[in-house]
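Residue numbers start from 1 in every chain, and the chains themselves are labelled A, B, ... in the order their sequence lines are given, proteins ahead of strands. This one's a predicted model, so the numbers in the text were calculated from it and none came from an experiment.
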2 protein chains.
Amino acid sequence: MSETREKIISLADKLIRVNGFNAFSYKDIATPLEMKNAAVHYHFPGKADLGIGVINEDLQRFTQQTNKWQKLPEEEQLKHLIDVFRKHSQAGNICLMGSLAPDYNTLAPDMQRKVQEMCRAILHWLTNCLENGRKNKRFKFKGNAENRALLIITNLQASLLMSRVLGNTIFSRISEQLLDDILI
Amino acid sequence: MSETREKIISLADKLIRVNGFNAFSYKDIATPLEMKNAAVHYHFPGKADLGIGVINEDLQRFTQQTNKWQKLPEEEQLKHLIDVFRKHSQAGNICLMGSLAPDYNTLAPDMQRKVQEMCRAILHWLTNCLENGRKNKRFKFKGNAENRALLIITNLQASLLMSRVLGNTIFSRISEQLLDDILI
DNA sequence: GTCTATATTCCGATAGAC
DNA sequence: GTCTATCGGAATATAGAC
């Protein structure tokens, strides 16, 4: 994978999180990297290709991270997940799900499928984490683990949205309360 | 208030919820209403004026509705709020907070202030509802009412986002579980 | 792999007639 | 209050030289 390609993806990732997918342009990529917009098109012919590239990178990073946490107690794994969101909160970012889901109807079909794949992967991991954590007496919660994963992931996604509007003390309040709810 | 103005606001509201604020144009308003884009500019000189008009309308509707629920038991009030979100879910909409918060950095300052005002108003109402409901032994939850309101409102906002991506059974699962958590 | 140059389309917005 | 006409700019994208 070329270094230029990596730089483009990294900057696009940031722009999606800060301004939204429909609100940034090839020029916003090209100018800071000191290239021409045509050069970006060489690496990513269409904007959807760029979006898919960003999601693939994010999914790969997510898999690497969760693999590293595999042997930890489940509450540590959950705290690590929350830390990922916290760092984004501090950087003024929102998560890719929270940024791309609102624009979903405007996305090309193959990019829509990628967004779906990303959401499913994260929910699947969190569901397993919660399920195992309850089995190992580290979590307590009502209902099944899938539904609980939905509640927690929506808290985290939208906490970044509300932090953007109301200031990022919001994130700490939400993440601390949700941990307090579920930890034994 | 002119009828044309009302129609423009109503359509803009729908477009913001379905495609996002930055993804619709004056043409998307003008064509279905069989006017010219210049006519829309007469009613709303800039796009931010239109956005602010939409939010004001939504805030007014919210106040009217919550006033109507005032005398009901708190769990009925909360269920009414959830119903508002449910109807949007069924219509393929997301809520204004979930649509405008991701685009927040790209909005004009006066529109940013309106978005803030809307979020604060909804959170304020929900906080009071939860506080009173706990006092009247209708709700049970840990922590203070403000934090609980943040958890619930983020569940509702992002449930619409996830419903868009993964299908709208998501909304029912989230709303049922959150009620089950809090009702006595 | 990156460039220049350009095509095409669309955007928000304004001027001025009616 | 709505129209026609148009401006200035920005967007995505492509052709073809280097």
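One can place CG of N22(A) at 18 Å from P of dA10(D), the figure rounded to the nearest angstrom. Atoms NE2 (H41(A)) and P (dA7(C)) sit 16 Å apart, rounded to a whole Å.
Looking at residues 47-55 of chain A, you'll see that no heavy atom sits under 4.0 Å from any atom of DNA chain C. Listed by residue number, there are no residues of residues 10-19 of chain A with a heavy-atom contact under 4.0 Å to DNA chain C.
Evaluation of the ring pair (Phe, Tyr, Trp, His ring centres under 6.0 Å) rule for Y26(A) yields H41(A) as partners, not counting sequence neighbours. Every salt bridge (Lys or Arg N to Asp or Glu O under 4.0 Å) that D180(B) has, sequence neighbours left out, goes to K142(A).
Of the charged side-chain nitrogens involved, at least one lies within less than 4.0 Å of a carboxylate oxygen, so that R148(B) and D181(A) count as a salt-bridged pair. A salt bridge does not link R120(A) with E117(A): every distance from a Lys NZ or Arg NE/NH1/NH2 to an Asp or Glu carboxylate oxygen is 4.0 Å or more. With salt bridges taken as basic N to acidic carboxylate O contacts below 4.0 Å, none links D110(A) and R113(A).
No contact: F44(A) has no heavy atom under 4.0 Å from any strand.
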Between the protein and nucleotides 1-5 of chain D, list the N/O to N/O atom pairs that are separated by less than 3.5 angstrom.
residue, atom, partner, partner atom, Å
dG1(D), OP2, Y42(B), OH, 2.6
dT2(D), OP1, T4(B), OG1, 3.0
dT2(D), OP2, H43(B), NE2, 2.6
dC3(D), OP2, K36(B), N, 2.9

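L160(A) is not listed as a side-chain neighbour of L156(A), based on a closest heavy-atom distance of 4.5 Å or more.
In terms of heavy atoms, K140(A) sits closest to L183(A) at NZ-O, 3.0 Å. The two atoms that bring A101(B) and R164(A) nearest to each other are O-CD, 3.3 Å, heavy atoms only. Contact record, F139(A) with C129(A): CE1-O, 3.7 Å, taken as the closest heavy-atom pair.
One finds no side-chain N or O of Y26(A) lying less than 4.0 angstrom from the OP1 or OP2 phosphate oxygen of dA11(D). Put simply, S25(A) has no side-chain N or O that comes within less than 4.0 Å of OP1 or OP2 on dA10(D).
Of the candidates T66(A), L78(A), L150(A), L78(A) is the only one forming a side-chain contact (heavy atoms from CB on, under 4.5 Å) with L126(A).
Other residues, nucleotides and ligands contribute at most 12 non-hydrogen atoms within 6.0 Å of the NZ atom of K7(B).
Residue I152(B) holds its CD1 atom at 9.0 Å from CG of L81(B), rounded to the nearest 0.5 Å. Rounding to the nearest 0.5 Å gives a distance of 8.0 Å between CD of Q157(A) and CD1 of I122(A).
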Pair pattern of DNA chain C in dot-bracket, where unpaired bases get dots and | marks partners in another strand, Watson-Crick or G-U under 3.5 angstrom: ||||||||||||||||||
